[in-house]
Participant: 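Encoded as structure tokens, here's the structure I'll be asking about.
Position 1 is the first residue of the sequence; numbering continues from there.
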Amino acid sequence: MKKYIRISLVVLVVLVVLAVAGRYFVEWSLNRAFRPAMKEGGGLRQLADVLEASVGSTLARGDARLQPGEAPGQGALAYYQKNPQALQRDKKYFETWHSALAIADAGRKGEQKLGRWESSTAASWIAPSQRNDAWGHAFCVQSDEQETIVVSPGPQALSSLDCNSLKITGEELAQMPQGRLNPHASGALILFVKKSGRVAQVSRG
């Protein structure tokens with residue numbers, strides 16, 4: 001009996017040591033990855049900007065910042081420190097994706113069965129803070145029993161779209177992943193979700 005107790009204690013000690021070592025390794029890895037930003041004095045706000053830009057770039061443009069051998073965060077930090085204009089550009093993609101996703105989620109949860117396009121500025125069920133993309137354009141939204149589609153005119157547009165003349169075919173939607181900003185040949189950005197699907201929840205501080 002004492003032998004089993006001794007073995008159990010040894011196993012417990014080993015597990016505790018591994019847990020503590022693992023924690024310090026994670027902290028060391030994160031510190032090493034984000035040390036360049038902290039040295040620049042940007043602190044947490046700069047890290048948040050880089051993370052938002054990275055998400056926006058990936059979900060709207062399909063870019064990848066990491067190079068082989070780089071820890072998570074190092075590639076993005078180095079890139080955006082050298083390209084501050086790209087940081088602002090990709091943050092706008094993130095902001096647009098965030099608003100479009102919130103609209104799609106509201107449409108998925110709600111009882112909207114319009115079956116026609118409408119401007120986000122005219123939709124009472126869309127929160128005022130989410131009615132425009134990051135470039136100041138209104139979204140075009142269509143929500144029915146099956147899906148919700150949200151369209152931004154995109155960064156190059158001079159004004160909001162005429163939602164009444166908007167046409168997106170089922171074949172085009174079939175080629176698009178759900179829940180991300182899909183670039184259209186016209187320059188517009190299209191996000192859609194099926195009402196039976198799940199939309200990732202995103203919160204911003």
Participant: Under 3.5 Å, side chain of S120 to main-chain N/O of R131, donor-acceptor pair present?
Facilitator: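 Between the backbone of R131 and the side chain of S120 there is a qualifying donor-acceptor contact (under 3.5 Å).
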Participant: Is it true that a side-chain atom of W97 and a backbone atom of G179 form a donor plus acceptor pair closer than 3.5 Å?
Facilitator: yes
Participant: Can you check whether V50's main-chain N or O pairs, donor with acceptor, with S54's side chain at less than 3.5 Å?
Facilitator: yes
Participant: Could you work out, with side-chain contact (heavy atoms from CB on, under 4.5 Å) as the rule, every residue matching D162, not counting sequence neighbours?
Facilitator: N164, S165
Participant: Is any side-chain heavy atom of P177 less than 4.5 Å from a side-chain heavy atom of N182?
Facilitator: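 With C-beta onward as the side chain, the pair touches.
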Participant: How about F139 and W117: are their ring centroids closer than 6.0 Å?
Facilitator: no
Participant: For A127, enumerate each residue passing the side-chain contact (heavy atoms from CB on, under 4.5 Å) test, keeping only those at least two apart in sequence or located in another chain.
Facilitator: S129, Q130
Participant: Is there a side-chain contact between T121 and N132 (heavy atoms, below 4.5 Å)?
Facilitator: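 Yes - at least one pair of side-chain heavy atoms lies under 4.5 Å apart.
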Participant: List for me each residue that meets side-chain contact (heavy atoms from CB on, under 4.5 Å) alongside A134, sequence neighbours excluded, and say none if there are none.
Facilitator: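 Partners of A134 by the side-chain contact (heavy atoms from CB on, under 4.5 Å) criterion, ordered by chain and then number, come out as K92, E95, T96.
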Participant: Look at the side chain of Q178 and the backbone N and O of K194, then say whether any donor-acceptor pair between them is shorter than 3.5 Å.
Facilitator: yes
Participant: To the nearest 0.5 Å, tell me how far W135 CH2 sits from L158 CG.
Facilitator: 14.0 Å
Participant: Stepwise, does the side chain to side chain donor-acceptor pair (under 3.5 Å) test hold for D90 with Y80?
Facilitator: CA-CA 10 Å; D90 291 344; Y80 288 124; 2.7 Å; yes
